[in-house]
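Worth saying up front: this structure is predicted, and the values here are computed from it rather than measured.
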Amino acid sequence: MMPAPILRAPADRHICRLALFTAAQLRRVDSIALADLGQILGDAADRRRVPRFTDNSQLVRIMQRLGWQKRGYAGEGASKSPLYVRVATANLQEAS
């Protein structure tokens, strides 16, 4: 019996491409505001490098799977955005 394919639909492939691109962008930083990451991904989508993300919750799920956690906010007033930081793998296992 053949195993079921991991990527079953075009949407799965789009999410995978978006997650890989996100991981590449986050590799260089230890913290990032969600708005800044959204801007980076939006610009990349405009240049057709990656699919456009559907909403911030999709980005949050990707970041959490990559080992990032929300730690407060960056900015003030209208520019206030959740701040995400890289978390060590050992800390992720303790939180589970």
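Residues satisfying the side-chain contact (heavy atoms from CB on, under 4.5 Å) criterion with A74, sequence neighbours excluded, are A33, L83. Residues satisfying the side-chain contact (heavy atoms from CB on, under 4.5 Å) criterion with K80, sequence neighbours excluded, are Y73. With sequence neighbours excluded, the residues forming a side chain to side chain donor-acceptor pair (under 3.5 Å) with Q39 are D43, listed by chain and number. Take D55 and apply the salt bridge (charged side-chain N to carboxylate O under 4.0 Å, His left out) test, not counting sequence neighbours, and it matches no residue. Residues passing the side chain to side chain donor-acceptor pair (under 3.5 Å) test with R17, sequence neighbours excluded: none. Legend: residues meeting salt bridge (charged side-chain N to carboxylate O under 4.0 Å, His left out) with R86, ordered by chain and number and at least two apart, are D30.
Between the CG atom in L66 and the CG atom in L26 there is a gap of 6.5 Å [rounded to 0.5 Å]. Note that the CH2 atom of W68 and the CD1 atom of I62 stand 13.5 Å from one another [nearest 0.5 Å]. Separating the OG atom in S31 from the CD atom in Q69 is a distance of 13.5 Å, to the nearest 0.5 Å.
The shortest distance between side-chain heavy atoms of M63 and L34 falls below 4.5 Å. A 4.5 Å side-chain heavy-atom check between L18 and R52 finds every atom pair outside the cut-off.
In terms of heavy-atom proximity, Y84 sits nearest to V60 at OH-CG2, 3.4 Å. Shown here for F53 and G42, the closest heavy-atom pair between the two residues is CE2-N, 4.2 Å.
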### Task
Please report the C-alpha distance between Q58 and I15 in whole Å, then the side-chain angles of each, then the deciding distance to 0.1 Å, and finally whether the side-chain contact (heavy atoms from CB on, under 4.5 Å) criterion is met.
CA-CA 9 Å; Q58 184 181 36; I15 292 170; 3.5 Å; yes
### Task
Output, in order, the C-alpha distance, side-chain angles, deciding distance and verdict of side-chain contact (heavy atoms from CB on, under 4.5 Å) for I32 and I40.
CA-CA 11 Å; I32 191 166; I40 291 167; 4.3 Å; yes
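Checking Q25 against R27 by side-chain atom types alone, no donor-acceptor pair falls below 3.5 Å.
Panel note: side chain S79, backbone G75; no donor-acceptor pair is recorded below 3.5 Å.
Screening N56, T22, V29 for a side chain to side chain contact (heavy atoms under 4.5 Å, CB included) involving L37 leaves a single residue, T22.
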